[in-house]
Amino acid sequence: QVHLVESGGGLVQAGDSLRLSCAASGRTYAMGWFRQAPGKEREFVGSINWNGGNTFYADSVKDRFTISRDNAKNTMYLQLNSLKPEDTAVYYCAASRELTPVVSPDQYHYWGQGTQVTVSS
């Protein structure tokens with residue numbers, strides 16, 4: 001069992017940046033970020049492979065968001081730049097048993113509780 005805890009969310013203005021963290025209780029393999037806006041389904045944001053050497057992003061965040069990880073600290077990060085009001089959502093991190101980046105939420109076995117990101121215009 002792996003426990004995930006997100007942090008770093010908050011209220012920012014459009015164009016600002018934030019860095020989210022996801023601390024894991026133990027070793028993890030591929031990990032990912034998802035988000036869910038009010039009234040919408042949870043959507044994939046991006047994923048990183050087990051050693052941080054490979055990432056994959058949704059088109060909506062590519063070139064603005066960056067995922068990284070520090071396995072020595074069992075922590076994954078999501079750098080959010082050039083934030084837009086449509087990025088407002090609860091952001092969740094998740095851990096998979098796969099080694100390579102994973103898009104489908106069905107392939108993630110552990111989830112954090114989420115952290116709120118609100119972007120004002």
Between [X] and [Y], is there a shared hydrophobic cluster once you connect ILVMFWY residues whose side-chain heavy atoms come closer than 4.5 Å?
{"X": "V117", "Y": "M31", "answer": "yes"}
{"X": "V12", "Y": "L78", "answer": "yes"}
{"X": "Y108", "Y": "V61", "answer": "no"}

Taking only residues two or more places apart in sequence, or in another chain, which ones meet T118 in a side-chain hydrogen bond (donor to acceptor under 3.5 Å, both in side chains)? Q116
Residue list, side-chain hydrogen bond (donor to acceptor under 3.5 Å, both in side chains) with D87, at least two apart or on another chain: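 Only R35, R64 meet the side-chain hydrogen bond (donor to acceptor under 3.5 Å, both in side chains) criterion with D87.
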Any chance you could measure [X], atom [atom1], to [Y], atom [atom2], to the nearest 0.5 Å?
{"X": "L83", "Y": "S120", "atom1": "CG", "atom2": "OG", "answer": "10.5 Å"}
{"X": "Y29", "Y": "N49", "atom1": "OH", "atom2": "CG", "answer": "13.0 Å"}
{"X": "K84", "Y": "S121", "atom1": "NZ", "atom2": "OG", "answer": "14.0 Å"}
{"X": "T55", "Y": "F65", "atom1": "OG1", "atom2": "CZ", "answer": "14.0 Å"}
{"X": "Q113", "Y": "C93", "atom1": "CD", "atom2": "SG", "answer": "7.5 Å"}
{"X": "E98", "Y": "S104", "atom1": "CD", "atom2": "OG", "answer": "10.0 Å"}

What residue among R97, H3, Q1 forms side chain to side chain donor-acceptor pair (under 3.5 Å) with Y110?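 So, applying the side chain to side chain donor-acceptor pair (under 3.5 Å) to Y110 and each of R97, H3, Q1, only R97 qualifies.
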Check the orientation of F44 and F34. Use parallel for under 30°, tilted for 30 to 60°, and perpendicular for over 60°. perpendicular
For the pair T115 (side chain) and E6 (backbone), establish whether a donor and an acceptor sit closer than 3.5 Å, ignoring hydrogens and angles.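 The answer is no, because no donor-acceptor pair under 3.5 Å joins these two groups.
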Where the side chain of S47 meets the backbone of V102, is there a donor-acceptor pair that is under 3.5 Å apart? yes
Locate the shortest heavy-atom distance separating P101 from F56; write the atom from each residue and the value.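 Where P101 meets F56 most closely, the heavy atoms are CB-CB, 4.1 Å.
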Flag side-chain contact, heavy atom, 4.5 Å: Y57 against I48: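 Not in contact.
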What I'd like to find out is whether the side chain of L80 reaches to under 4.5 Å of the side chain of Y91, using heavy atoms alone.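 Side chain of L80 against side chain of Y91, heavy atoms only: contact under 4.5 Å found.
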Once side-chain hydrogen bond (donor to acceptor under 3.5 Å, both in side chains) is applied, what residue pairs with a partner in residues 72-83 remain, sequence neighbours excluded? S17-N81, Q79-N81
Which one of L4, D70, I67, N71 satisfies the side chain to side chain contact (heavy atoms under 4.5 Å, CB included) criterion with M76? I67
Atom CH2 of W50 with >12 non-hydrogen neighbours under 6.0 angstrom: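 No, the 6.0 Å shell around CH2 holds no more than 12 heavy atoms from other groups.
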